[in-house]
Amino acid sequence: MKTTTGIRVMTAAVMLVLAGCSSGEPSGAPAPAASAAPGGTTYPLTMKNCGTDVTFEAAPQRVVTLNQTAAEILIKLGVGDRVVGSGYEIYKPPAEMAEPYGKIPQLGPRGEPVKHEKLLEAQPDFVYSGFGSFLTAEQAGDREQLHDLGVATYVTEFDCSYHVSVPDADFDMLYDEYRALAKIMSVPDAGEKLAAEQRALVDQAVGTMKNKDKPLSVLWFYSTYDGTPWAAGPGGLPQHVSDLVGVKNIFDDAKTKWAEVSWDEVAARNPDVIILADLTRGEPNDTAAEKIALLKKDPLTSKLGAVTGDRFITIPGAQMDPSYGSVEMVPALVEGLNKFR
């Protein structure tokens, strides 16, 4: 599938002007040459994303982001002023970007996905999502539907299909996403700069690990639904970070990157350390403090060595999904693990 950005509705006056300008041109005239925007990107630009070819005739000027971290990535790339709407706000934005993020209109209630009608009201020429499940007919509209309206889309390669493990999920994929978005927005240098900064942060943190030869097993405890725990499996950034810092994810054999498990399985696999997602969505047992209380109260998990020994490491939940803050998991984990090794 191929889509082209651009506004498809023109006034009659504009149409007449265009007709007048072209009336004397022979039908066999060559097509206009590709043009380079001031930032260095040459348009038209065709990019393959999650198996779909998307063509950009010019740098997008009216962007809607379908989740908070997507908006924050564009702010980090220096193009936050082009974001005309966003959604799925689930935590307080970091202090360094609170001002630019606060200027972006929210296209629906806090913590709710953007709906199709609200999306169209913002008149976007580009939609960027950190979750594939938000680009569906039930939510903001599926990609084909939006492409037919002349609205280009980009969804993170980490989530082309909902919850499906991505075998090569790593920080290089995240850096490539920065580069792709920066190229789309015609600020390619910004993508390279952000990737370089984050690579340096990760390398520095990994270099401070102690007792690398002492193996530890970990549970990435994300959330609970109806009492059932959800944990990180393979094919996502938590698995990649586990490999980077030299620990074993006890559910690295799960079938999805976020797996529905059981407390019996957790107890049987008996992790040395429990990594807690600190979430602020308002769901039961979302915060790290609530998770610790749950683990200490449950008759089964309260006996685990990680629980009795308070071997917990807290990570903002948003960092476990691909975002500009994901690299911050590495220094946080290294610091915590160094205490337990």
Using the disulfide bond (SG atoms under 2.5 Å apart) rule, collect all pairs that involve residues 88-118, keeping only residues at least two apart or in two chains.
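Sorted pair list comes back empty.
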All pairs passing disulfide bond (SG atoms under 2.5 Å apart) where residues 137-178 contributes a residue, at least two apart:
C50-C160
List in chain and number order the residues that pass side-chain contact (heavy atoms from CB on, under 4.5 Å) with Q139, two or more places apart in sequence or in another chain; answer none if no residue qualifies.
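For Q139 the side-chain contact (heavy atoms from CB on, under 4.5 Å) partners, ignoring immediate neighbours, are P113, K115, T136.
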Can you name the side-chain contact (heavy atoms from CB on, under 4.5 Å) partners of D321, sequence neighbours left out?
F131, Y222, W258
Using a strict threshold of under 4.0 Å (side-chain N to carboxylate O), is an ion pair present between [Y] and [X]?
X	Y	result
D253	R269	yes
D159	K257	yes
R62	D125	no

Tell me whether the count of non-hydrogen atoms from other residues, nucleotides or ligands lying under 6.0 Å of [atom1] in [X] goes above 12.
X	atom1	answer
E335	CD	no
Q61	CD	yes
K255	NZ	no
E99	CD	no

Rounded to the nearest 0.5 Å, how far does [atom2] of [Y] lie from [atom1] of [X]?
X	Y	atom1	atom2	result
S186	L45	OG	CG	9.5 Å
D53	H147	CG	NE2	10.5 Å
I275	L337	CD1	CG	6.5 Å
L333	E328	CG	CD	11.5 Å
E144	T153	CD	OG1	11.0 Å
S217	I250	OG	CD1	6.5 Å

The criterion is ring pair (Phe, Tyr, Trp, His ring centres under 6.0 Å); which residues satisfy it with F171, sequence neighbours excluded?
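H240.
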May I ask you to check whether [X] and [Y] show a side-chain donor-acceptor distance below 3.5 Å?
X	Y	value
S86	T65	yes
Y175	E192	no
D278	T314	no

Is a side-chain donor or acceptor of [X] paired with a backbone partner of [Y] at a separation under 3.5 angstrom?
X	Y	value
T228	T224	no
S262	E265	yes
E57	P44	no
T156	G130	no
S242	V247	no
S302	D298	yes
Y43	I184	yes
N49	T52	no
E290	D286	yes
K118	L107	no

Test of understanding: clusters of I, L, V, M, F, W, Y form through side-chain heavy atoms closer than 4.5 Å, transitively. Do [X] and [Y] belong to the same one?
X	Y	value
L279	I274	no
I292	L300	yes
V261	V218	no
W220	V266	no
W230	F251	no

Residue pairs passing the side chain to side chain donor-acceptor pair (under 3.5 Å) test where at least one lies in residues 165-174, sequence neighbours excluded:
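For residues 165-174, and leaving out neighbouring residues, the side chain to side chain donor-acceptor pair (under 3.5 Å) pairs sorted by first residue read D172-R199.
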Flag side-chain contact, heavy atom, 4.5 Å: [X] against [Y]:
X	Y	answer
L237	M320	no
L77	M185	no
I73	Y128	yes
V127	L119	yes
E177	F158	yes
V63	V84	no
W263	L294	yes
V187	V79	yes

One pair to check against side chain to side chain contact (heavy atoms under 4.5 Å, CB included): T256 and V164. What are the steps and the verdict?
CA-CA 5 Å; T256 60; V164 173; over 6 Å; no
Kindly state each residue pair satisfying ring pair (Phe, Tyr, Trp, His ring centres under 6.0 Å) with at least one member in residues 292-341, sequence neighbours excluded.
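Pairs touching residues 292-341 that pass the test: none.
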Can you run down the ring pair (Phe, Tyr, Trp, His ring centres under 6.0 Å) pairs that involve residues 91-112, sequence neighbours left out, and say none if there aren't any?
none
Under the side chain to side chain contact (heavy atoms under 4.5 Å, CB included) criterion, do L216 and K248 qualify, and how do the steps go?
CA-CA 6 Å; L216 289 173; K248 176 177 173 56; over 6 Å; no
For [X], enumerate each residue passing the salt bridge (charged side-chain N to carboxylate O under 4.0 Å, His left out) test, keeping only those at least two apart in sequence or located in another chain.
X	answer
K183	none
E89	R110
D226	none
K193	E197

I want to know whether F134 and Y88 have ring centres closer than 6.0 Å.
yes
Given the rule in the side chain to side chain contact (heavy atoms under 4.5 Å, CB included) test, do L276 and I315 qualify, once you have shown the distances and angles that lead to the verdict?
CA-CA 6 Å; L276 306 165; I315 300 289; over 6 Å; no
Please report the closest heavy-atom contact between I75 and P100, naming both atoms and the distance.
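Nearest heavy atoms, I75 then P100: CG2-CG, 3.9 Å.
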Exercise: identify the closest heavy-atom pair between A169 and G235
CB-O, 3.6 Å
